[in-house]
Amino acid sequence: MIDINLIRQDPEAVRQALAKRQFEVDFFELLSWDAERRTLISQGDELRSKRNRVSDQIPAMKRQGLDVSSVLAEMKAVSDQIKEIDSRLTEIEAQIKQFLDSLPNMPDDDVVAGGKERNEVVRVWGELPQFDFPAKDHIELALSLGLVDYERGAKLGGNGFWIYTGKGARLEWALLNYFVEAHLADGYEFILPPHILTYDCGYTAGQFPKFSEDVFHIEADEGRGFQQFLLPTAETALVNLHRDEILQESDLPKRYFAYTPCYRREAGSYRAQERGMIRGHQFNKVELFQYTRPEDSAAALEEMIHKAERLVQGLGLHHRVSKLAAADVSASMAKTYDIEVWIPSMKEYKEVSSASNAKDFQARRGGMRFRRQATGKTELVHTLNASGLATSRLFPAILEQCQQADGSVVVPEPLRKWTGVDVIR
RNA sequence: GGAGAGAUGGCUGAGUUGGUCGAAAGCGCUCGACUCGAAAUCGAGUAGGCGGUUCCCGCCUCCUGGGUUCGAAUCCCAGUCUCUCCGCCA
């Protein structure tokens with residue numbers, strides 16, 4: 001959520017920042033609501049103050065044997081006025097909240113305006129793989145090596161699900177182990193959160209109310225609408241760990257990572273080119289998350305993207321890093337880097353990690369604060385997240401980039417202690 | 001799934017015949033005194049949010065949301081969560 005004080009002080013600056021996302025707003029109406037809100041609060045507080053004062057005097061008057069009936073009648077009228085003001089206030093605050101909820105985060109100053117086409121490749125690592133034999137795509141490889149069972153996956157879960165089998169399961173699990181071990185070594189705290197979360201968690205993350213259709217809802221018993229949902233990423237859980245808390249400055253930065261499957265509806269996004277394991281309703285991911293002081297978040301973002309890059313490099317996979325243009329940055333975030341790994345059969349780079357700084361956007365929604373030592377005051381923290389990494393996207397990249405002429409696949413060195421073999425054949 | 005108990009400030013925990021209760025007391029924490037220093041002791045302070053004429057004033061918050069009342073931590077209704085016992089169970 002954007003700070004309404006900022007909009008009040010400099011609506012034009014906020015409008016221009018959002019315009020970089022191709023998001024057009026007009027704050028005129030909001031500002032009039034805001035003015036009315038503050039007027040109502042003043043009026044209400046004044047009446048409340050009067051009521052409190054007089055109510056305090058009533059016991060004394062009674063003790064003195066004075067007739068208080070006229071005072072009671074007057075206070076009754078005051079109370080009724082307060083109720084009227086409050087109901088209007090409730091109405092207008094709901095409007096304000098709805099408006100603010102609909103706004104995406106402001107892109108960072110160094111994020112360029114425009115959509116995907118303006119994304120900037122900041123680093124490329126490794127060489128484009130060349131094959132002196134007819135290379136197979138990951139689906140052929142997975143099937144011929146018995147790593148994945150698509151048909152039974154659909155039998156069990158429906159369209160968009162697959163099953164890792166045998167060495168495939170071991171390869172997937174090896175990736176998870178590789179990441180977990182690396183994050184532990186870097187001092188991140190390991191978290192295994194629930195996969196079912198409450199509505200409030202989705203709100204804090206910025207998932208709701210706007211992007212409610214992207215997740216699997218779990219219906220409540222008696223038609224009360226959904227109360228819980230399957231997490232679309234561990235970020236949604238981790239960002240809620242400290243919701244409504246005040247952290248000590250000395251506790252920051254808080255650095256966490258979690259492993260969870262990620263469940264997504266992906267409604268209408270199916271494309272024929274994305275067969276195989278590129279886009280499913282469930283995939284595995286290890287997620288990094290940090291809570292930092294505002295002045296530390298920019299450096300933390302760099303730290304996290306470099307951490308994620310090192311993991312891909314450890315696997316020896318050709319990839320690139322892009323800094324996203326404003327309109328390609330997801331709604332809750334101010335700045336995002338993507339790591340994209342080369343999928344030879346698609347002749348495309350596909351995202352395996354996305355590292356973002358939400359700054360105080362999620363913290364404001366979820367009331368995540370810390371106490372500043374120097375001032376004793378509370379301030380909103382900054383939150384950051386990065387995939388570290390999405391295993392289900394790496395799996396096809398490994399199969400395709402590490403395949404050999406005989407149809408076997410060389411296991412990247414860091415994974416071998418878990419796969420048990422150097423080459424899958 | 002059945003039965004019962006409870007939810008108060010960083011923590012423990014008073015307060016439930018409605019009225020100096022935003023809340024006793026203890027602990028913790030911060031600052032000061034004492035001390036070479038520390039412990040002990042003594043003194044002071046110590047919630048969050050909103051609004052304003054912003055070194056000050058007002059308002060709101062005792063799980064959440066409604067209600068009764070001039071006035072609610074205290075009374076009424078609905079909901080959420082936690083704990084205990086029983087059943088079931090990896």
Side-chain angles (χ1 to χ4, degrees), chain A residues 1-9 30-97 99-100 192-204 208 218-229 237 240-252 254 360 363-381:
Chain A
M1 180 179 284
I2 295 178
D3 186 1
I4 192 168
N5 292 306
L6 207 60
I7 299 173
R8 205 182 284 149
Q9 284 158 22
L30 176 71
L31 291 171
S32 79
W33 293 336
D34 181 52
E36 185 181 350
R37 168 175 178 269
R38 284 183 291 163
T39 305
L40 290 170
I41 287 174
S42 292
Q43 290 173 350
D45 281 358
E46 214 167 294
L47 290 171
R48 261 184 259 271
S49 177
K50 177 177 182 182
R51 184 180 68 186
N52 290 344
R53 220 174 327 112
V54 175
S55 288
D56 282 351
Q57 292 164 356
I58 287 174
M61 294 169 73
K62 278 183 173 170
R63 245 178 280 122
Q64 291 166 27
L66 297 172
D67 176 21
V68 294
S69 58
S70 67
V71 181
L72 296 191
E74 192 194 342
M75 287 307 107
K76 172 70 177 162
V78 169
S79 277
D80 289 345
Q81 279 181 62
I82 291 173
K83 265 179 199 157
E84 259 174 60
I85 289 172
D86 280 354
S87 71
R88 174 61 189 151
L89 194 58
T90 305
E91 215 173 277
I92 208 156
E93 287 188 331
Q95 283 178 315
I96 291 171
K97 182 173 183 310
F99 188 96
L100 292 175
L192 291 172
H195 299 178
I196 293 176
L197 301 174
T198 64
Y199 181 92
D200 288 342
C201 293
Y203 176 80
T204 300
F208 307 141
I218 294 171
E219 291 301 327
D221 300 331
E222 311 108 31
R224 282 185 306 176
F226 82 100
Q227 307 286 312
Q228 294 171 307
F229 63 100
N240 281 280
L241 228 43
H242 296 295
R243 169 152 49 91
D244 292 321
E245 290 182 21
I246 299 172
L247 300 168
Q248 296 299 314
E249 185 176 3
S250 56
D251 289 341
L252 298 177
K254 286 262 186 204
D360 65 11
R364 183 168 292 106
R365 291 170 85 95
M368 286 92 81
R369 293 150 294 166
F370 75 101
R371 191 175 304 284
R372 174 82 67 181
Q373 195 87 47
T375 61
K377 295 254 163 63
T378 60
E379 291 177 41
L380 294 169
V381 298

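Lettering of chains follows the sequences in order, A, B, ..., and the numbering in each one begins at 1. Just so it is clear, the model here is predicted, and its values are computed rather than measured. Excluded from the calculations below are hydrogen atoms, water molecules and symmetry mates; all remaining heavy atoms, backbone and side chain alike, are included.
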Query - Between B:C11 and B:C63 - P atom distance, rounded Å - result: 13 Å

**Report entry** side-chain N/O A:T378 vs B:A47 OP1/OP2, d < 4.0 Å
**Finding:** no

Requested in this report: Tell me what A:R8 touches on the nucleic acid: a base, only sugar-phosphate, or nothing, going by heavy atoms under 4.0 Å.
Outcome: sugar-phosphate

Requested in this report: Name the pairing partner of B:G4, where a pair is Watson-Crick or G-U wobble with both distances under 3.5 Å, or state none.
Outcome: B:C83

Query raised in the report: With the sugar-phosphate defined as primed atoms, P, OP1 and OP2, and the base as all remaining atoms, what B/S/- string results for nucleotides 60-77 of chain B, 5' to 3', for protein heavy atoms under 4.0 Å?
Result: S-------S-BS------

**Report entry** Length of the line joining A:I4:CD1 and B:C50:P, which is rounded to integer Å
**Finding:** 11 Å

Query raised in the report: Do any side-chain nitrogens or oxygens of A:R37 fall under 4.0 Å of OP1 or OP2 in B:G51?
Result: yes

Query raised in the report: Is the shortest side-chain N/O distance from A:R38 to OP1 or OP2 of B:G52 below 4.0 Å?
Result: yes

Requested in this report: Using the C1' atoms only, state how far B:G9 lies from B:C60, rounded to an integer number of Å.
Outcome: 16 Å

Query - Nucleotide opposite B:C59 in a Watson-Crick or G-U pair, distances under 3.5 Å - result: B:G49

Query raised in the report: On a whole-Å scale, what distance lies between the C1' atoms belonging to B:C89 and B:C77?
Result: 36 Å

Requested in this report: Starting from P on B:G49, measure out to CG on A:D3 and report it in whole angstrom.
Outcome: 13 Å

Requested in this report: Considering only atom P, compute the distance from B:A3 to B:A25 and round it to an integer number of Å.
Outcome: 42 Å

Report task. Could you walk me through whether A:D67 and A:S69 pass the side chain to side chain donor-acceptor pair (under 3.5 Å) test, one step at a time? Result -> CA-CA 6 Å; A:D67 176 21; A:S69 58; 3.0 Å; yes

Report task. Can you tell me the pairing partner of B:A44 across any strand shown, Watson-Crick or G-U wobble, with both distances under 3.5 angstrom? Result -> B:U30

Query raised in the report: What integer number of Å spans the C1' atoms of B:A72 and B:G66?
Result: 14 Å

Requested in this report: Identify whether any heavy atom of A:R371 sits under 4.0 Å from a base atom; if not, whether one sits that close to sugar-phosphate; answer base, sugar-phosphate or nothing.
Outcome: sugar-phosphate

Query raised in the report: In the strands shown, is B:C75 matched to any nucleotide by a Watson-Crick or G-U wobble pair with both distances under 3.5 Å, and which?
Result: B:G67

Query - Rounded interatomic separation in angstrom, taking OH from A:Y199 and P from B:G79 - result: 22 Å

**Report entry** B:A73 versus B:C59 - spacing of their P atoms, nearest Å
**Finding:** 14 Å

Query - Separation between the C1' atoms of B:U69 and B:G52, rounded to whole Å - result: 29 Å

Query raised in the report: Is the CD atom of A:E46 crowded by more than 12 outside heavy atoms at less than 6.0 Å?
Result: no

Query - Whole-Å C1' distance, B:A7 and B:G13 - result: 13 Å

Query raised in the report: So what's B:U17 paired with, Watson-Crick or G-U wobble, going by both distances under 3.5 Å?
Result: none

Requested in this report: Take atom CD of A:Q57 and atom C1' of B:U20, then tell me their distance rounded to the nearest Å.
Outcome: 12 Å

